[in-house]
Every structure is written in structure tokens, then in C-alpha cells.
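Okay, structure first, notes after.
Each ligand, and each atom within it, is numbered from 1 in the order the structure gives.
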Amino acid sequence: MRVLKFGGTSVGSVQNMNNVKSIINDGDKKIVVLSAMSGTTNALVNIASKISEGNKNEASTEINNLYNKYVDVVNELIIDNSLKEVVSEYVSERFEFLNECVEKSFSQVVENEILAQGELLSTFMFNKFLQQQGVNSQLLPALDFMRINEVKEPDSEAIKSLLDNVLTFTPEADIYITQGFICLDSNGDVSNLQRGGSDYTATIVGAAINAEEVQIWTDIDGMHNNDPRFVEGTKPISDLSFDEAAELAYFGAKILHPQTVLPVRKDGIPVRLKNTMNPPAHGTLISKNHVESGIKAIAAKDGITAIKIKSGRMLQAYGFLRKVFEIFEANKTSIDMITTSEVAVSLTIDDDSNLGAIIEELETFSTIEVDRNQSIVCLVGHSIVDHKNTFKLFQILKDVNIRMISYGGSRNNISLLIDTEKKVDTLQKLNEYLFELVAI
Ligand code: ADP
Ligand code: ASP
Ligand code: MG
């Protein structure tokens with residue numbers, strides 16, 4: 001069986017839901033994972049933040065605005081009168097729930113319950129729409145099988161056995177529809193896989209059923225060689241290895257949630273990235289094969305903090321790095337990049353929630369400098385460190401100030417740390433040097 005995931009834009013209008021129907025209705029049994037309609041999760045985040053600030057009136061107004069959009073969608077999507085009644089009632093219930101949240105005392109659980117409404121709405125509506133069109137579809141409620149553990153990682157064993165059970169007890173169907181993004185945590189509370197998490201749901205489900213393939217359908221024809229939001233003339237990459245795709249996703253290629261590749265890499269389940277608006281386009285196939293070497297793609301990750309730790313006696317004093325790493329470990333903070341010299345070590349983190357405590361401990365034996373608003377620009381490809389064209393990237397040194405370079409840590413990744421305000425310029429210039437100019 002295949003798992004097909006459709007993102008926010010793919011279910012963001014009645015026209016696009018019709019496209020999705022034509023893509024999935026090919027007689028093959030499959031599991032379809034859906035995101036919330038585009039804009040909905042952002043609206044729900046906004047509503048939750050208004051409630052947390054105590055702005056009840058503004059929260060209610062936004063809930064009402066969102067409700068009106070859904071009323072319009074239901075009217076356009078569902079023509080059958082009795083089905084329209086069922087769907088309208090469900091939508092009203094979800095919005096009643098949101099209105100009740102305005103009066104609750106705010107907590108993380110309330111916020112997560114608010115955020116879950118987008119996927120609950122899209123899947124219910126789409127399932128009824130398919131049934132109206134004569135498609136044999138059934139809902140698989142994600143909250144009945146998607147589980148994360150104490151450290152917020154998917155509990156793959158529980159997911160596998162719960163999903164087997166849910167599939168056994170759900171009436172036979174051609175198309176099973178489930179919610180991306182949402183899950184229950186180890187306390188049994190509603191939680192989620194972080195923003196963009198429906199991609200992750202798809203590969204988690206794919207691994208749980210040992211799918212023949214996972215397809216991620218979005219609004220672009222696959223992984224491009226640079227970020228199309230900032231660079232013109234980017235091109236789709238036809239093949240990526242799991243390692244290459246994992247690096248690009250982790251280092252900011254928004255088309256994939258950072259963890260998407262992990263659940264399927266071990267079993268070699270291929271992941272295909274496809275465009276709902278242009279189904280014949282090849283897209284990108286992510287598999288265990290390495291096709292070509294050299295720099296294939298560039299991505300950037302924002303929100304990075306750089307920490308320089310200086311000590312007069314760093315190299316003489318063995319155990320120095322161990323001491324540093326232990327402090328990060330004790331504060332549950334992972335390190336992305338690291339460079340060292342005789343007197344200092346610089347490293348980066350993307351989660352600065354424990355930075356205060358980390359600095360306090362580091363300052364007992366060293367001098368600390370912290371730079372915020374940094375970005376990691378990551379160049380990815382098989383064996384790029386050995387490739388004859390890789391030298392071209394160093395032309396970037398004449399355009400921007402590079403704060404750190406990580407070269408050789410892996411043969412497939414070179415990372416540069418820059419000021420975030422130089423990110424767009426850096427991505428554009430690298431595109432020119434690496435993918436446009438043939439020779440220098
Ligand atoms: P969905 O809602 O379907 O999950 P996303 O918005 O999360 O879609 O991801 C698709 C978007 O990712 C594209 O529209 C594009 O703007 C952005 N993107 C960023 N980097 C890349 C890249 N390297 N290749 C393709 N798309 C990218
Ligand atoms: N709806 C969620 C979000 O917007 C999950 C997803 O779209 O993948 O982040
Ligand atoms: Mg996404």
C-alpha cells in the first residue's frame with residue numbers, strides 16, 4: 001500500500017480538492033494524510049496567542065472570521081443536501097469547541113487542542129466530499145494511533161500496533177484518510193509533530209505499514225536546488241539519497257519537515273515529492289541510491305545562535321571540550337556546527353531556551369561571546385568535499401562575511417554561518433557561482 005500526503009495548498013480550495021480526488025482515485029488502496037487547509041493553522045496559532053494574552057474579543061472575532069470561510073467552503077464543496085447537513089454540523093461543533101477555548105484557562109494542552117482543529121476539519125470535509133463523489137473512503141482518526149513519547153519522538157511500536165488495530169476495525173475501503181500533524185503525547189493529551197508535521201506523519205505511517213512508497217504532494221515540482229522563495233531560476237532535483245534529503249530538510253528546505261526522512265530511511269522506503277498542480281511532472285525521488293556527486297542543493301536555516309568560548313589554555317588543557325559538551329548535554333541543548341582554534345571554540349545552537357544557564361556555567365572557566373540572528377547555509381550533495389567543482393563556493397568569501405565554516409565533518413555537507421540579514425544575498429550569489437556560471 002502507498003501513503004500519499006497532501007499539504008495545505010493541495011486542500012486549500014475546492015478546485016484543489018478536486019485535483020486531489022483525481023490523483024488518488026485510481027483504484028489502488030492507499031492511506032491519504034491531509035494537512036489543514038492553507039492559512040488555517042496560522043489562524044489557529046493566532047487565535048491561541050490572543051487567548052493566551054487575554055484578548056478574548058479579538059480571539060472570538062478571528063474564530064468567527066475563520067468559521068465564515070469554512071461555511072463558504074462547505075457550501076461550494078458539498079452539494080448533496082443530507083451530506084451538507086452532516087458536514088455543517090461537524091464544522092459548527094469544531095467552532096463551538098474553539099469558542100469554549102476562549103473561556104478556558106490557557107495552557108499548552110489547550111493550545112494544542114486549538115491547533116488540532118485544522119486537520120480535523122479538512123479530513124472530515126474531504127472524506128464526505130469523496131463519499132459524495134462515489135469514492136469508497138473511510139476516516140482513520142490519527143488520535144487513535146499517532147503517539148509520541150516523553151521526549152516528543154514518535155513511539156513507532158505503539159503506532160504500528162494501534163494502526164494495525166484501527167485498520168482491522170475500520171470498514172474496508174479503497175482510500176483511508178487520516179490527519180497529518182496531530183497525535184497524543186505520553187500523558188494522553190493532544191499534541192502535534194511541530195509546524196509542517198504532516199510530512200512526518202506520512203513517513204511515520206509509511207514505516208508503520210511498511211508502505212511500498214510515500215508520496216508528498218505539495219505546490220511545487222519537487223525539491224529545488226535552492227530556496228525558490230529567495231532565489232530566481234531554481235530547478236527541481238530529480239533524485240536525492242536519503243542522506244542528502246535528510247540534510248536539506250534539517251537545514252531548512254521548507255518543502256520537508258526536518259525529520260521527514262528518518263522513519264523510512266532504515267527500511268529504504270522511497271519518498272516521492274510531487275506537485276498537486278502539475279501531476280505529470282517527475283518531481284523528486286528520494287531513495288537509497290546516490291545519483292551523481294557534487295553540490296546538488298543549498299538550503300538555509302534561521303534562528304541560529306553562535307557562542308564563542310575563549311580560554312587562554314584551551315589546547316594545553318585536555319578535557320576542555322568534554323567540559324564544554326557536558327554543559328550543553330546537562331542543559332538538553334544540541335549543537336549544530338562547531339569550529340575550533342588554539343584559543344577558542346565556536347559553536348551554534350538552534351534552541352536557546354537554556355542559553356542563560358549554559359553561559360553561566362561556561363563563564364566559570366572561559367570568556368563568552370554570543371551572536372544571535374545567525375543563519376546556517378548548508379550545501380548538500382554526495383561526496384561534495386571531494387568534488388572538483390566545490391572550490392567555486394569559496395568565491396562567496398568576497399561577498400559576505402562568513403562567521404564559521406564547517407567543511408569535512410561529513411563528505412556530503414558543507415555549512416556556512418552568516419548573519420541572517422545576509423542570507424538572501426548569500427543564497428543568490430551561491431546559486432550564481434555553483435549552478436549558473438560554467439567556469440571561472
Ligand atoms: P505544504 O503546505 O504542501 O506542506 P510547504 O509550504 O510546507 O507545502 O512546502 C512547499 C514550499 O516549500 C514551496 O512552495 C517552496 O516555497 C518552499 N521551499 C523552500 N525551499 C524549497 C526547496 N529547496 N525546494 C522546493 N520548495 C522549497
Ligand atoms: N497544518 C500544520 C502546519 O501548518 C501541519 C502541516 O501543514 O504539515 O504546520
Ligand atoms: Mg509543509
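Closest to atom 1 (P) of ligand 1 among all protein heavy atoms lies Thr218 OG1, 3.6 Å. Among protein heavy atoms, atom 21 (C) of ligand 1 sits closest to Pro228 CD, 3.4 Å. Scanning the protein heavy atoms around atom 7 (O) of ligand 2, the nearest turns out to be Ser35 OG, 3.2 Å. The closest protein non-hydrogen atom to atom 5 (P) of ligand 1 is Lys254 NZ, 3.7 Å. Of all protein heavy atoms, the one lying nearest to atom 23 (N) of ligand 1 is His224 O, 3.2 Å. At the shortest separation from atom 4 (O) of ligand 2 among protein heavy atoms lies Arg195 NH2, 3.0 Å. The protein heavy-atom contact nearest to atom 6 (C) of ligand 2 is Ser198 OG, 3.3 Å. Atom 2 (O) of ligand 1 has Gly8 N, 3.1 Å as its closest protein atom, hydrogens excluded (heavy atom only).
Judged by distance alone, with hydrogens and angles left aside, the side-chain atoms of Asn412 form a donor-acceptor pair with the main-chain N or O of Ser383 at under 3.5 Å. A side-chain donor-acceptor contact under 3.5 Å links Asn16 to the backbone of Thr9. Not a single donor-acceptor pair under 3.5 Å links the side chain of His224 to the backbone N or O of Asn226.
Inspection of the Ser406 and Ser415 side chains reveals no N or O donor paired with an N or O acceptor under 3.5 Å. Between the side chains of Asp302 and Ser375, at least one donor N or O lies within less than 3.5 Å of an accepting N or O. Donor-acceptor pairing under 3.5 Å is lacking for the side chains of Thr333 and Asn331.
If you number the atoms of ligand 1 from 1 as listed, the ones under 4.0 Å from a heavy atom of Gly7 come out as 1 (P), 2 (O), 3 (O). Close approach of ligand 1 to Ile220 is summarised as follows: ligand atoms under 4.0 Å from at least one heavy atom of the residue are 13 (C), 25 (C), 26 (N). Near Thr41, the atoms of ligand 2 lying under 4.0 angstrom from a non-hydrogen atom of the residue are 1 (N), 2 (C), 3 (C), 4 (O). The Gly222 neighbourhood of ligand 1 comprises atoms 24 (N), 25 (C), with distances under 4.0 Å to a heavy atom of that residue. Shown in contact with Glu119 at under 4.0 Å from a heavy atom are these atoms of ligand 2, numbered in order with element: 1 (N), 2 (C), 5 (C).
Pairing each heavy atom of Ser92 with each of Tyr67, the nearest pair is OG-OH, 3.5 Å.
Between Tyr90 and Phe124, the ring planes lie parallel to each other; the angle is under 30°, not in the 30° to 60° tilted range. Below 30°, between 30° and 60°, or above 60°: for Phe6 and Trp217 the angle between ring planes is below 30°, a parallel geometry.
At a 4.0 Å heavy-atom cut-off, ligand 1 touches Arg229 through the side chain alone. When heavy-atom distances to ligand 1 are checked against a 4.0 Å cut-off, Ala297 has no atom that comes that close, whether in backbone or side chain. At a heavy-atom distance under 4.0 Å, no atom of Met37 approaches ligand 1. Contacts between Asn225 and ligand 1, counted as non-hydrogen atom pairs separated by less than 4.0 Å, are absent for every part of the residue.
Between Thr276 and the options Ile23, Thr218, Asp219, a side-chain contact (heavy atoms from CB on, under 4.5 Å) holds for only Ile23.
Pairs of residues two or more places apart, or lying in two chains, never qualify as salt bridge (charged side-chain N to carboxylate O under 4.0 Å, His left out) while including a residue from residues 124-153.
Between Asp28 and Lys30 no salt bridge is recorded (no basic side-chain N to carboxylate O distance below 4.0 Å). Ion pairing between Glu247 and Lys296 fails under the 4.0 Å rule for side-chain N and carboxylate O.
Polar contact with ligand 2: present for Gly196 (N/O pair, distance under 3.5 Å). Checked by distance only, ligand 1 and Lys5 come closer than 3.5 Å through their nitrogen or oxygen atoms. At a 3.5 angstrom cut-off on N or O pairs, Gly252 does not count as close to ligand 1.
Ligand 2 lies out of reach of Gly7, whose nearest heavy atom is not under 4.0 Å from it. Ligand 1 does not have Ile216 within reach: every non-hydrogen atom of the residue lies 4.0 Å or more from it. Heavy atoms of Ala299 stay at 4.0 angstrom or farther from ligand 1.
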| field | Test side-chain contact (heavy atoms from CB on, under 4.5 Å) applied to Asn401 and Asp419, step by step | value | CA-CA 8 Å; Asn401 184 13; Asp419 261 5; over 6 Å; no

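When Ile255, Asp219, Asp199 are ranked by how near their heavy atoms come to atom 13 (C) of ligand 1, first place goes to Asp219.
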